Amino acid sequence: MPTSWADSVAAENSAAGGAVGSANNGGVGSNSVSGRSAYVPPHLRNRPAPSSTPSAPAASYAGSVSTANDRIGGQVDSFQGGGNRWGGPRLGGGGSGSSGASVGGRGGSGWNTRSGGWGRGREREVNPFGDDDSTEEMFQQENTGINFDAYEDIPVETSGENVPPPVNTFAEIDLGDALNQNIRRCKYVKPTPVQRYAIPISLAGRDLMACAQTGSGKTAAFCFPIISGIMRGQHGQRPPRVPRMAFPLALILSPTRELSCQIHDEAKKFAYQTGVRVVVAYGGAPINQQLRDLERGVDILVATPGRLVDLLERARVSLQLIRYLALDEADRMLDMGFEPQIRRIVEQMDMPPPGVRQTMLFSATFPKEIQRLAADFLSSYVFLAVGRVGSSTDLIVQRVEYVHESDKRSHLMDLLHAQRANGVHGKQALTLVFVETKKGADALEHWLCVNSFPATAIHGDRTQQEREQALRSFKSGNTPILVATDVAARGLDIPHVAHVVNFDLPNDIDDYVHRIGRTGRAGKTGLATAFFNENNTSLARSLSDLMQEANQEVPAWLSRFAVRSVHGKSRRGGGRFGSRDFRRESSLTRGVTDYYGGGNLSSGYGAPGGYAGSYGPGVTSAWD
DNA sequence: TATACGA
C-alpha cells in the first residue's frame with residue numbers, strides 16, 4: 001500500500017501503464033483471453049494507442065444487420081388505427097408477448113415519416129461534426145484500443161418479469177441502417193454491458209430502472225432504442241396543429257445544464273442523418289434560440305427541469321405525445337430538491353401515464369427510498385444492475401486524511417505542491433476539488449490563485465458562460481485545478497482527472513461515490529483524497545464500509561469514528577452494484593417465488609479484485 | 001443545510 005501521496009501517484013502511474021498496455025494487446029476484435037485489463041468506458045476509448053491502430057469496424061458488423069423493413073409485420077401496435085389514445089396494452093409491455101432479443105414482435109407501420117424517417121432532413125441537416133468531408137474524422141475520435149474481453153468479467157444482474165435476454169453484438173439488434181451506420185462511425189464495435197442488457201429490454205417496450213456508472217455507455221443505452229423507436233414511428237397520432245407548440249416524442253431529463261449539453265451532443269451524433277431531431281433546453285442561456293429550435297421541430301427533447309417547466313408554462317412544449325421518458329442521474333432527480341419538479345412534469349402535465357409511455361431511469365446509485373419513489377413512474381419494469389468491477393471504483397485509490405477545518409487550506413496546498421513536484425514536466429495534473437458551498441468555492445478559488453495555483457471554480461451561482469468557460473479551461477489544462485460544488489459531481493465527462501479532493505465531504509455516501517467517479521476513468525487509475533473531521537462523523541460508517549468493500553486501506557481512526565457514530569448509516573445495497581432491486585427485499589414478493597423467474601445472473605463472479613468469494617449464484621452481491 | 005433547477 002502506498003504510504004504517501006507521492007507513492008500512490010507513482011503506483012497509480014505504473015498501474016495505468018500496465019492496464020493500457022494490455023488493453024492494446026487485447027485489441028479490438030481480438031480473441032485474446034489473456035490479460036484481463038481495465039474496463040474502458042465507451043466514450044473514452046480514444047486513448048492514443050501507441051502500438052496498435054484501431055482495426056476496421058468489426059467484421060461481424062458489416063452487412064449483418066437486416067433493415068427494419070425486413071421485420072415489419074409483427075404485432076399490431078395499439079397506437080395504430082387511432083381510437084383510444086391510452087387504449088390497449090403497450091407493445092411488449094407487462095411481460096407478455098414479445099420478449100425476444102431480436103425484438104421481432106415490434107413493428108406496426110414501419111418507418112414513419114413524421115420526422116422524415118429515412119428521407120427528409122438528410123440534406124438540410126447541419127452536420128454536427130463539422131464539414132461533410134470530416135464526418136468520418138469526427139466520429140473517429142470516439143474509441144479505439146479497448147479490450148472487450150474485460151467486459152466478460154463485469155457482473156450484471158436483472159430482475160423483473162420476463163426479462164428480455166441480453167445481446168452480444170449490435171448486429172443482433174435491429175436498430176435500422178442509419179443508426180447502425182452511426183454506431184459504426186463511432187467505432188462502437190461491441191455493446192458495453194449496460195447496452196447489452198438495456199437495449200433489448202428497451203426495444204421490447206419494457207420500462208427500466210438501470211444502475212450503472214456514468215461512463216459505462218448509459219447515454220447510448222437509452223438513446224439507441226429511442227432513436228430507433230422514433231424512426232419506426234410507432235405512433236398513430238399526428239401532432240395537433242397548435243401554433244408555436246412543440247410536441248416531442250421523447251424527453252430526456254438531467255439534473256445539470258452541462259450534463260444536458262453533454263447528452264445532447266452525444267444524441268446528435270447517434271441521430272445524425274436519421275431524420276430524428278434532437279433539441280436541448282436549459283436555463284441560464286437565452287431562451288429565444290431554444291424556442292426557435294423547438295419551433296423547427298423536435299423529436300427528442302433533452303432538458304433540465306427548470307427550463308422545461310418554463311417552456312411548459314409558456315405552452316411552447318406539450319408532452320402529450322411523449323412515448324419515451326428517460327431520467328439520467330435519476331437518484332438526484334428524485335431526491336428532495338428535484339422531486340416536486342419532476343412529479344410536476346411527469347405526473348401533472350399532459351404526459352401519458354406509465355404503461356403508455358416507456359420510461360427508463362438511469363443512475364450510478366439507487367438508494368432504496370429513491371427506488372420506491374421511482375416505482376411511481378414505472379410500469380412492470382426491469383431492474384438492471386451493472387457491476388462496478390473493472391469500472392471506476394476499482395481503479396480509484398481512495399485515501400482519507402484527518403484534517404481540522406482550520407488546516408484544510410494548508411493541507412490542500414501541501415497536496416498540490418507534492419503533486420506538482422511529482423507531475424510530468426512539473427505540470428499540475430488535473431485536480432478536482434469539491435467543496436460544500438458556493439461561497440466556499442469562490443473563496444477557495446481566490447485563495448488558490450493568490451497562492452499561485454491556477455484554479456477556477458464552477459457552481460450554480462456562476463453564469464452559464466462562466467461555468468462553461470471554467471470547464472473548458474480545466475479540461476484544456478489551462479487551469480488544472482477546478483474547485484466545484486456538487487454541480488460537477490455527477491455525470492460530467494472530464495477525461496484525465498488525476499485527483500479528486502473532497503475538501504469538504506458530502507453528507508451522503510452516494511454523493512461521495514459520484515464525486516470520486518470523476519476520476520479513474522478511461523481505464524486509468526485515479527486518486528481520491530478526502531479531508532475528514534468531526535463534522536463528517538455521520539459519514540464515517542458508510543465511508544469506511546465503502547472503502548473496505550473497494551479493498552481500500554481504512555485508517556484505524558476512521559473505523560473508530562464509524563463505531564462511535566450510532567446514527568451513521570451503513571452502506572446499504574451497495575457492494576459491487578450501485579444498488580439492488582428493492583422489490584427483492586420487500587414483503588410484496590413474499591409467496592411469489594418465481595416473480596423473478598425471468599431474472600438472470602451473469603457469471604461474473606470470478607471477477608478480479610480479490611473479493612470474489614464464497615457466494616453462490618442467487619446472492620446479489622458479495623458485499624452485501 | 002447544502003446543492004441543483006426559470007426568470
Side-chain angles (χ1 to χ4, degrees), chain A residues 214 251-264 280-291 294 301-317 327-346 348-349 363-365 367 370 405 408 432-445 457-468 470-471 482-492 500 502-515 517-518 530-531 533-539 567:
Chain A
T214 305
L251 177 62
I252 300 171
L253 291 173
S254 92
T256 67
R257 298 165 184 171
E258 285 78 8
L259 195 48
S260 281
C261 289
Q262 193 176 292
I263 294 167
H264 172 250
V280 66
Y282 55 87
I287 202 168
N288 285 337
Q289 181 58 45
Q290 293 172 9
L291 288 174
L294 287 168
L301 177 58
V302 184
T304 49
R307 179 53 62 94
L308 178 60
V309 168
D310 191 1
L311 291 167
L312 291 166
E313 279 172 356
R314 294 174 187 230
R316 299 301 295 262
V317 168
L327 301 193
D328 202 10
E329 306 297 338
D331 63 335
R332 168 61 91 224
M333 304 292 279
L334 294 174
D335 80 3
M336 291 196 321
F338 268 124
E339 193 202 341
Q341 254 176 326
I342 300 299
R343 283 200 186 274
R344 182 147 175 237
I345 292 166
V346 176
Q348 288 156 29
M349 306 304 291
S363 185
T365 57
I370 300 292
E405 211 59 44
K408 280 184 173 177
L432 187 49
V433 183
F434 280 105
V435 296
E436 196 60 17
T437 65
K438 294 178 276 204
K439 269 171 108 179
D442 284 332
L444 187 58
E445 176 205 20
I458 184 168
H459 61 70
D461 276 355
R462 297 235 159 153
T463 67
Q464 191 56 22
Q465 273 198 338
E466 289 172 322
R467 286 164 60 159
E468 282 165 22
L471 216 46
L482 179 64
V483 183
T485 60
D486 267 332
V487 72
R490 285 159 183 268
L492 278 195
V500 169
N502 273 291
F503 189 89
D504 301 318
L505 274 163
N507 296 316
D508 189 321
I509 190 66
D510 287 334
D511 290 330
Y512 174 83
V513 172
H514 282 281
R515 285 179 178 187
R518 295 314 100 209
F531 296 174
N533 60 37
E534 283 82 2
N535 297 336
N536 313 113
T537 315
S538 66
L539 197 70
H567 303 296

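Computed from a prediction, not measured in an experiment: that's the story for all the values here.
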Specify the separation, in whole Å, of atom [atom1] of [X] and atom [atom2] of [N].
X      : N     : atom1 : atom2 : result
A:E436 : B:dT3 : CD    : P     : 7 Å
A:D504 : B:dA2 : CG    : P     : 13 Å
A:R343 : B:dC5 : CZ    : C1'   : 17 Å
A:L259 : B:dT3 : CG    : P     : 19 Å
A:Y282 : B:dG6 : OH    : P     : 10 Å
A:H514 : B:dA4 : NE2   : P     : 16 Å
A:R462 : B:dT3 : CZ    : P     : 13 Å
A:R257 : B:dC5 : CZ    : C1'   : 7 Å

Legend entry - Ion pair check, A:D310 and A:R314, cut-off under 4.0 Å: yes
task = Identify whether the distance between the nearest side-chain nitrogen and carboxylate oxygen of A:D335 and A:R332 falls below 4.0 Å.
result = yes
Would you indicate, yes or no, if [N] has its OP1 or OP2 atom less than 4.0 angstrom from a side-chain nitrogen or oxygen of [X]?
X      : N     : answer
A:R332 : B:dC5 : no
A:R467 : B:dC5 : yes
A:K439 : B:dA2 : no

Looking across every strand, which nucleic acid part, if any, lies under 4.0 Å from [X] by heavy atom: base, sugar-phosphate, or nothing?
X      : value
A:G337 : base
A:V309 : nothing
A:R314 : nothing

Between the CD atom in A:E329 and the CG atom in A:L259, the distance rounded to the nearest 0.5 Å is 5.5 Å
Regarding the side chain of A:T304, the nearest nucleotide among B:dG6, B:dA2, B:dA4 is B:dG6
Closest to the side chain of A:T485, out of B:dC5, B:dT3, B:dG6, is B:dT3
With sequence neighbours left out, the residues meeting side chain to side chain donor-acceptor pair (under 3.5 Å) with A:Q289 are A:R292, A:D293
Contacts of A:T485 meeting side chain to side chain donor-acceptor pair (under 3.5 Å) (sequence neighbours excluded), chain-then-number -> none
